*Asks:* 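This is the structure, below, for whatever I ask next.
Keep in mind the model is a prediction, meaning the values are calculated, not measured.
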Amino acid sequence: MKRDIEILSVTYLRGPNMWSYLPAMETLIDIGELEDWPSDKVPGLPDRLEGWLPTLIEHRCSYDERGGFLKRLREGTWPGHIMEHVTLELQSLAGLPGGFGRARGVDVRGRYKVIVTLWEDTVTLRAMQLARELVLAAYDDRSFDLREAVDELRDIADSSCLGPSTAGIVKAAELRGIPAIRLNEGNLVQLGYGRNQRRIWTAETDRTSAIAEGISRDKQLTKTLLEACGVAVPPGRMVSGPDDAWAAAEDIGVPVVIKPYDGNHGRGVCLNLGTREQVLAAYPVAAAEGSGVIVEKYMTGNEHRLLVVGGRLAAAARGLPAWVTGDGQQTIRELIESQLNSDPLRGGTGWSDAPLNRVGIDSATRLDLASQGFEPDSVPGEGARALVQRNGNVCFDCTALVHPDTARQAVLAARVVGLDIAGVDLVANDIAQPLAEQGGAIVEVNAGPGLSTHLRPPGLPPKPVPEMIIEHLFGAADDGRIPVIGVAGTGGTRLAARLVAHLLQMSGQKVGLACQDGLFLGSRCIDHRDSANFTAGQRLLVNRAIEAAVIENGLDVLLDQGLAYDWCQVGVITRMNPDRRVPERYIDSVEQLYKVFRTQVDIVLEKHGTAVLNADDDQLVEMASLSKGHVVYFSANAATAVLASHATAGGRAVVRSESVIRLLKGELEIAQLRAGTLELPIEGDPRSADDGLLAAIAAAWVIGIPPERIQAGLETLEPIPAPQVAA
């Protein structure tokens, strides 16, 4: 028997879709002859999978209980389902926990769609490929190097996913209902849509002044400004060369610190230098990391990092020097690995759960070791201690201990430099006492501080730093949204989108429109290509000028791309043709078509959102129950049965009777609109003109445009040309 799993196609659904509210990757696979070999028919298969991935016990699966998936394995399940869970678990082990998964068969024997949360294209695709290899190895009773696979995924995630600081802020935003769009392959992220958006880059925001950041990089200028405002700083100055560095050290008084004046992350910093030889040796180390060198007084005490957000102390952490203890056998290089880098607190950067970086041997370390009479390959005697890193070990939370006066000094330092978010580095023996009483001082003020220290403090819950940053950017109630009107259906969608945009524009709003006719900013078409797609929709949402967005979504968008927005204020479905099929995507029944189109209703905002649905379409009437917000019906037939019950419940409806369009709320008629002279294009089904017109009026009404303005908009609507048909 040939055991193989073939990956036939991969579809990246970058927004809400028929499977999930979150971006997902849909993979079509063919398991071939393995269709006849579920997991319970292959001796040892469940045990091998559980042995490699014991954390699969946390997968609840359809039993919704711990160990549910392992139970399914022993009862018998197929490779597609196994690949789903293995893909999710590999991503979790690589630092991307959680997520959504499904495996569904299609109407071809041996073929399945495997759907998992899409964290990032390269990571999730590689996780799926590795899951295939692992599952096949389990079937064939072959070895599989799990550590190598997870390390590979970690490397990909570290280089392609959002860093932990940015990811933490994005998560806090999403928990507040604020949407996020990644703007580049790095950590530049937009929070919110259109004119209400804000931008972050790690822990910098669009409120972070470029001038302030420049000041923070200039260590000497920072000290000068702080000292002028009464902030305690260590004495020191810029130096022009090694001899000048020693002259400065003599003037200041040893011991001293030598550091680059525009460096960061502690690179090139040499501490506690007491002799001319040490100073001369440290100068080139600092010079190599910046464009100038500073010599300043060495302050005794522990290193601290205080995080200031929006004029408030958000968190504080304390550091300790890193030492190794000799055993008479290992070199210092080996002791660093066995005693320091083996600590679970140290795991490097990126997606590791460890708050501290691994200890390496750089020029500053070599100088420190030399001052103690050691080299990296020295073998200290048993019990002998060697200091290998003086700074950079800040991870122990001390927020509750910070003296109020010290907190005020940190906030003042951030304000003097001009930073809305700042990492204030200070040296103090006791953070619970004022700096002045112990000779402590602020040594640096940094822009874009890393948040990992505060997100993963050892032995303590995370500090709510991302939440404070979101509150700083948006206030307590702002969700950063603009009105988004999504339009889907199998007819009349183009007309509905064009007309809604026109009515919004007539009401004085700056409107963006993405539809089959192109991409529009107000009345100006900036792209004449078909723009009813994900990319065009996102182009609108990242535009700072847009106050409202109208986005048409074809069936191909729902199936192959996902929606451009996470939630919408108004979700319109004009009609659902039950005969529509997409055989190449295995959409071959009305039930499957229903699952595709319901996406537009599923993402209507709760409380403030509205689904606008065709009362003449039984499938859409059934779909109304899925709306988390309100429902407004439209109909070209006042006798449609559902309208009566909807009116009894006080619901709103838009109904056409001959040349009059009635706006109804419960049993009351709110207004009548004249529509007899409109020139509307017919798109395929003759009903599409009515569908588009009534859907647009209903959407405009619920978005807050009063009836008289809707009437004025209808009367000023220029004829919309019929869509171009390719020859």
*Asks:* Taking only residues two or more places apart in sequence, or in another chain, which ones meet Glu58 in a side-chain contact (heavy atoms from CB on, under 4.5 Å)?
*Replies:*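 side-chain contact (heavy atoms from CB on, under 4.5 Å) list for Glu58, sorted by chain: Arg66.
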
*Asks:* Indicate yes or no: at least one non-hydrogen side-chain atom of Asp244 is less than 4.5 angstrom from one of Arg237.
*Replies:*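 They are in contact (side-chain heavy atoms under 4.5 Å apart), so the answer is yes.
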
*Asks:* Looking only at side chains, do Thr208 and Glu213 share a donor and an acceptor under 3.5 Å apart?
*Replies:*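 No, Glu213 and Thr208 have no side-chain donor paired with an acceptor closer than 3.5 Å.
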
*Asks:* Just so I know, are the side chains of Val308 and Leu419 near enough to count as touching, which here means a heavy-atom distance under 4.5 Å?
*Replies:*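 A side-chain contact under 4.5 Å is absent here.
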
*Asks:* Enter the distance from Leu426:CG to Asn302:CG here, rounded to the nearest 0.5 Å.
*Replies:*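 Here the interatomic distance stands at 10.5 Å.
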
*Asks:* Is any side-chain N of the basic residue among Glu337 and Arg333 closer than 4.0 Å to the acidic one's carboxylate O?
*Replies:*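 The answer is no: the pair does not qualify as a salt bridge.
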
*Asks:* Check the pair Asp405, Leu435 against side-chain contact (heavy atoms from CB on, under 4.5 Å), reporting the backbone distance first and the verdict last.
*Replies:* CA-CA 8 Å; Asp405 183 68; Leu435 294 181; 5.8 Å; no

*Asks:* Is Arg154 salt-bridged to Asp151, going by a charged N under 4.0 Å from an acidic O?
*Replies:*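 Looking at Asp151 together with Arg154, the answer is no, because their closest N to O distance does not fall below 4.0 Å.
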
*Asks:* Could you work out, with side-chain contact (heavy atoms from CB on, under 4.5 Å) as the rule, every residue matching Pro235, not counting sequence neighbours?
*Replies:*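 If we apply the side-chain contact (heavy atoms from CB on, under 4.5 Å) test to Pro235, skipping adjacent residues, the hits are Ile252, Lys297.
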
*Asks:* Between Gln339 (side chain) and Leu335 (backbone), is there a donor-acceptor pair under 3.5 Å?
*Replies:*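 No; judged by distance alone, with no hydrogens or angles, the pair does not exist.
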
*Asks:* Please report the C-alpha distance between Tyr21 and Asp566 in whole Å, then the side-chain angles of each, then the deciding distance to 0.1 Å, and finally whether the side-chain contact (heavy atoms from CB on, under 4.5 Å) criterion is met.
*Replies:* CA-CA 7 Å; Tyr21 292 105; Asp566 60 340; over 6 Å; no

*Asks:* Which atom pair, heavy atoms only, marks the closest approach of Ser160 to Thr122?
*Replies:*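 Scanning both residues completely, I find the closest heavy atoms to be OG-OG1, 3.5 Å.
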
*Asks:* Quick one, Leu22 with Leu118, criterion side-chain contact (heavy atoms from CB on, under 4.5 Å). Give me CA distance, side-chain angles, the key distance, then yes/no.
*Replies:* CA-CA 8 Å; Leu22 300 173; Leu118 178 65; over 6 Å; no

*Asks:* Indicate yes or no for a side-chain donor-acceptor contact from Asn187 to the backbone of Trp201 under 3.5 Å, with no hydrogens or angles considered.
*Replies:*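 No; zero donor-acceptor contacts below 3.5 Å.
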
*Asks:* Quick one: SG on Cys398 to CG on Leu306, what's the gap to the nearest 0.5 Å?
*Replies:*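 Here the interatomic distance stands at 6.5 Å.
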
*Asks:* Pair up each side-chain donor or acceptor in residues 167-180 with any protein partner under 3.5 Å, not counting sequence neighbours, and list the distances.
*Replies:*
from: Arg176; atom 1: NH1; to: Gly475; atom 2: O; distance (Å): 3.2
from: Arg176; atom 1: NH2; to: Gly475; atom 2: O; distance (Å): 2.9
from: Arg176; atom 1: NH2; to: Asp478; atom 2: O; distance (Å): 2.7

*Asks:* Keeping Glu375 on the side-chain end and Asp377 on the backbone end, is there a donor-acceptor pair under 3.5 Å?
*Replies:*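 Between the backbone of Asp377 and the side chain of Glu375 there is no qualifying donor-acceptor contact (under 3.5 Å).
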
*Asks:* First locate atom CG of Leu188, then atom CG of Leu183, and finally report the distance between them rounded to the nearest 0.5 Å.
*Replies:*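 Output value for this atom pair is 4.5 Å.
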
*Asks:* Exactly one of Val484, Ile181, Ile482 should register a side chain to side chain contact (heavy atoms under 4.5 Å, CB included) with Tyr565. Which one does?
*Replies:*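 It is Val484; the other options fail the test.
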
*Asks:* Output yes when a side-chain donor or acceptor of Gln538 lies under 3.5 Å from a complementary backbone atom of Ala564, and no otherwise.
*Replies:*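 Indeed, once roles are kept as given, a pair shorter than 3.5 Å links the two residues.
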
*Asks:* Would you confirm whether Gln509, through its side chain, and Ala548, through its main-chain N or O, come within 3.5 Å as a donor-acceptor pair?
*Replies:*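 Pair absent, no side-chain N/O of Gln509 close to backbone of Ala548.
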
*Asks:* Heavy-atom distance under 4.5 Å between the side chains of His608 and Arg481, does that happen here?
*Replies:*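 No, side chains not in contact.
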
*Asks:* Tell me the closest heavy-atom pair linking Ile332 and Ala386, and the distance in Å.
*Replies:*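 Residues Ile332 and Ala386, closest heavy atoms: CD1-CB, 4.1 Å.
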
*Asks:* Got a salt bridge between Arg318 and Asp430, using NZ or NE/NH1/NH2 to carboxylate O under 4.0 Å?
*Replies:*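 No salt bridge links Arg318 with Asp430.
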
*Asks:* Where do Val285 and Cys270 come nearest, in terms of heavy atoms and distance?
*Replies:*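 Closest approach of Val285 to Cys270, heavy atoms only: CG1-SG, 4.0 Å.
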
*Asks:* Which heavy atom of Trp246 sits nearest to which heavy atom of Gly274, and what is that distance?
*Replies:*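 Looking at all heavy atoms of both residues, the shortest contact is CH2-O, 4.4 Å.
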
*Asks:* Rounded to the nearest 0.5 Å, what separates atom OG in Ser159 from atom CD in Glu185?
*Replies:*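 It comes to 9.5 Å.
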
*Asks:* Looking at Gly450, is its backbone amide N or carbonyl O close enough to the side chain of Ser165 to form a donor-acceptor pair, meaning the two atoms are under 3.5 Å apart?
*Replies:*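 Side chain of Ser165 to backbone of Gly450, a donor-acceptor pair under 3.5 Å: no, none is there.
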
*Asks:* Counting C-beta onward and ignoring hydrogens, is there a side-chain heavy-atom pair between Gln190 and Arg544 closer than 4.5 Å?
*Replies:*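 Not touching, per the 4.5 Å side-chain cut-off.
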
*Asks:* Check whether any side-chain heavy atom of Leu280 sits under 4.5 Å from a side-chain heavy atom of Asp243, and report yes or no.
*Replies:*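 Yes - at least one pair of side-chain heavy atoms lies under 4.5 Å apart.
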
*Asks:* So, for Asp327 and Gln329, which heavy atoms are closest and what is the spacing to 0.1 Å?
*Replies:*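 Between these two residues, the closest heavy atoms are OD1-N, 2.8 Å.
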
*Asks:* Might you work through the salt bridge (Lys or Arg N to Asp or Glu O under 4.0 Å) test for Glu296 and Lys223, ending with a clear yes or no?
*Replies:* CA-CA 11 Å; Glu296 64 184 25; Lys223 286 177 54 180; 3.1 Å; yes

*Asks:* For the NZ atom of Lys219 and the CD1 atom of Ile294, what is their distance to the nearest 0.5 Å?
*Replies:*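 If we round to the nearest 0.5 Å, Lys219:NZ and Ile294:CD1 are 8.0 Å apart.
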
*Asks:* Ignoring hydrogens and geometry, is there a side-chain-to-backbone donor-acceptor pair from Arg207 to His472 under 3.5 Å?
*Replies:*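 Indeed, once roles are kept as given, a pair shorter than 3.5 Å links the two residues.
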
*Asks:* Please check: side-chain N/O of Asn341 versus main-chain N/O of Val359, any donor-acceptor pairing under 3.5 Å?
*Replies:*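 Side chain of Asn341 to backbone of Val359: a pair is present.
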
*Asks:* Look at Lys259 together with Glu444 and state whether they make a salt bridge at an N to O cut-off of under 4.0 Å.
*Replies:*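 Salt bridge present between Lys259 and Glu444.
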
*Asks:* Is there a side-chain contact (heavy atoms from CB on, under 4.5 Å) between Thr300 and Val427 once you walk through the steps?
*Replies:* CA-CA 7 Å; Thr300 60; Val427 175; over 6 Å; no

*Asks:* Enter the distance from Asp420:CG to Thr205:OG1 here, rounded to the nearest 0.5 Å.
*Replies:*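 Output value for this atom pair is 3.5 Å.
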
*Asks:* Closer than 4.0 angstrom, basic N to acidic O: yes or no for Arg195 and Glu547?
*Replies:*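 Glu547 and Arg195: salt-bridged.
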
*Asks:* I want to check something: taking the side chain as every heavy atom from C-beta on, are Thr117 and Thr124 in contact at a cut-off of under 4.5 Å?
*Replies:*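 When only atoms from C-beta onward are counted, Thr124 and Thr117 do not touch, as no gap falls below 4.5 Å.
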
*Asks:* Verify, without hydrogens or angle tests, whether Glu227 (side chain) and Thr224 (backbone) share a donor-acceptor contact under 3.5 angstrom.
*Replies:*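 No: the side chain of Glu227 does not pair with the backbone of Thr224.
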
*Asks:* Hey, does Leu225 have a side-chain heavy atom less than 4.5 Å from the side chain of Val417?
*Replies:*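 In short, these two side chains do not touch, never coming nearer than 4.5 Å.
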
*Asks:* Looking only at side-chain N and O atoms, does Glu204 offer a donor or acceptor that is under 3.5 Å from a partner on Thr202?
*Replies:*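 No, Glu204 and Thr202 have no side-chain donor paired with an acceptor closer than 3.5 Å.
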
*Asks:* Do the side chains of Thr453 and Arg305 get nearer than 4.5 Å, heavy atoms only?
*Replies:*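 No, side chains not in contact.
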
*Asks:* For Leu88, does its backbone N or O pair with a side-chain atom of Ser92 as donor and acceptor, under 3.5 Å?
*Replies:*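 Checked: no pair found.
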
*Asks:* Minimum heavy-atom separation for Leu455 and Pro462, please, with both atom names.
*Replies:*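 That would be O-CB, 3.3 Å.
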
